[in-house]
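Structure first, then comments.
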Amino acid sequence: MFARFSSLTCILSLLLSTMLHINVYAIDLDEATLTVPLNQSGKTTVLTPEQVKRGKRLFNNTCSQCHNGGITKTNPNIGLDPEGLSLATPPRDNIEGLIDYMKDPTSYDGTESIAELHPSIKSAEIFPKMRNLTDDDLFTIAGHILIQPKVVLEKWGGGKIYY
């Protein structure tokens with residue numbers, strides 16, 4: 001009898017601790033966190049929780065193989081952190097800049113196309129994961145990239161010490 005009672009107690013406490021474990025979901029994010037730069041002129045947009053959820057899923061399926069945690073595996077000196085994105089030419093620290101990059105990527109200094117090396121819409125025949133992405137998909141992926149520094153703070157783009 002006591003064994004049954006103790007196992008039931010263990011199960012209930014595990015269930016209770018699982019229910020009380022606090023996670024941050026897109027629905028829990030406030031408007032300030034959901035607000036991201038739209039373009040270089042300073043215009044902003046507020047993402048919906050659905051866009052955040054979808055952006056995370058698309059990023060994980062399409063980009064995370066090389067950019068897990070906001071780092072760049074092929075060049076750890078250039079990450080998806082806000083500073084790294086803002087120092088690129090043209091700046092990629094806004095939705096439109098990231099969409100432009102995902103359509104036709106250029107080198108960090110903006111002088112040459114790297115579409116044959118980096119997955120993009122332009123090189124979708126080489127990179128199959130890019131074939132079916134719509135402009136809305138690119139928008140949500142860009143939104144995910146820009147929200148992450150607000151959610152995971154310095155871990156996003158922080159390199160190997162975090163991931």
Looking only at non-hydrogen atoms, find the nearest pair between [X] and [Y] and report the distance.
| X | Y | result |
| --- | --- | --- |
| Phe139 | Leu38 | CE1-CD1, 4.0 Å |
| Pro90 | Gln40 | CB-NE2, 4.5 Å |
| Ser86 | Pro91 | O-CB, 3.8 Å |
| Asp137 | Thr134 | OD2-N, 2.9 Å |
| Leu29 | Leu34 | O-CD1, 3.7 Å |
| Ile141 | Leu133 | CD1-CD1, 4.2 Å |

Within the 4.5 Å heavy-atom criterion, are [X] and [Y] side-chain neighbours or not?
| X | Y | result |
| --- | --- | --- |
| Leu85 | Leu146 | yes |
| Thr45 | Val36 | yes |
| Lys103 | Ile99 | yes |
| Glu112 | Thr106 | no |
| Ile121 | Leu138 | yes |
| Ser123 | Glu116 | no |

To the nearest 0.5 Å, what is the distance between [atom1] on [X] and [atom2] on [Y]?
| X | Y | atom1 | atom2 | value |
| --- | --- | --- | --- | --- |
| Asn94 | Ile145 | CG | CD1 | 11.5 Å |
| Arg54 | Leu47 | CZ | CG | 12.0 Å |
| Met130 | Glu125 | CE | CD | 11.5 Å |
| Asp81 | Asp93 | CG | CG | 10.5 Å |
| Ile95 | Asn39 | CD1 | CG | 10.0 Å |
| Cys66 | Ile71 | SG | CD1 | 9.5 Å |

(request) Scan side-chain atoms only and decide if Asp109 and Thr111 contain a donor-acceptor pair under the 3.5 Å cut-off. (result)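 Looking only at side-chain atoms, Thr111 and Asp109 do form a donor-acceptor pair, the distance falling under 3.5 Å.
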
(request) Give a yes or no on this: more than 12 heavy atoms of other residues, nucleotides or ligands lie within 6.0 Å of atom NZ of Lys122. (result)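 Count not over threshold, so no.
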
(request) State whether the number of non-hydrogen atoms from other residues, nucleotides or ligands found under 6.0 Å of Asn132 atom CG is greater than 12. (result)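 No, because the 6.0 Å sphere around CG of Asn132 holds 12 heavy atoms or fewer from other groups.
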
(message) Tell me whether the rings of Tyr101 and His118 are parallel (<30°), tilted (30 to 60°) or perpendicular (>60°).
(response)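 Aromatic pair Tyr101/His118 classed perpendicular.
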
(request) Determine the interplanar angle of the Trp156 and His144 rings, folded into 0 to 90°, and report it as parallel if under 30°, tilted if 30 to 60°, perpendicular if over 60°. (result)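 Correct class here is perpendicular.
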
(message) Starting from Leu98, can I reach Val46 by hopping between I/L/V/M/F/W/Y residues whose side chains sit under 4.5 Å apart?
(response)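 Yes, it is one cluster - the side chains of Val46 and Leu98 are joined through contacts under 4.5 Å.
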
(message) One thing to verify: whether Asp100 and Arg92 come together as a salt bridge, which I'm taking to mean a side-chain N less than 4.0 angstrom from a carboxylate O.
(response)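 Looking at Asp100 together with Arg92, the answer is no, because their closest N to O distance does not fall below 4.0 Å.
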
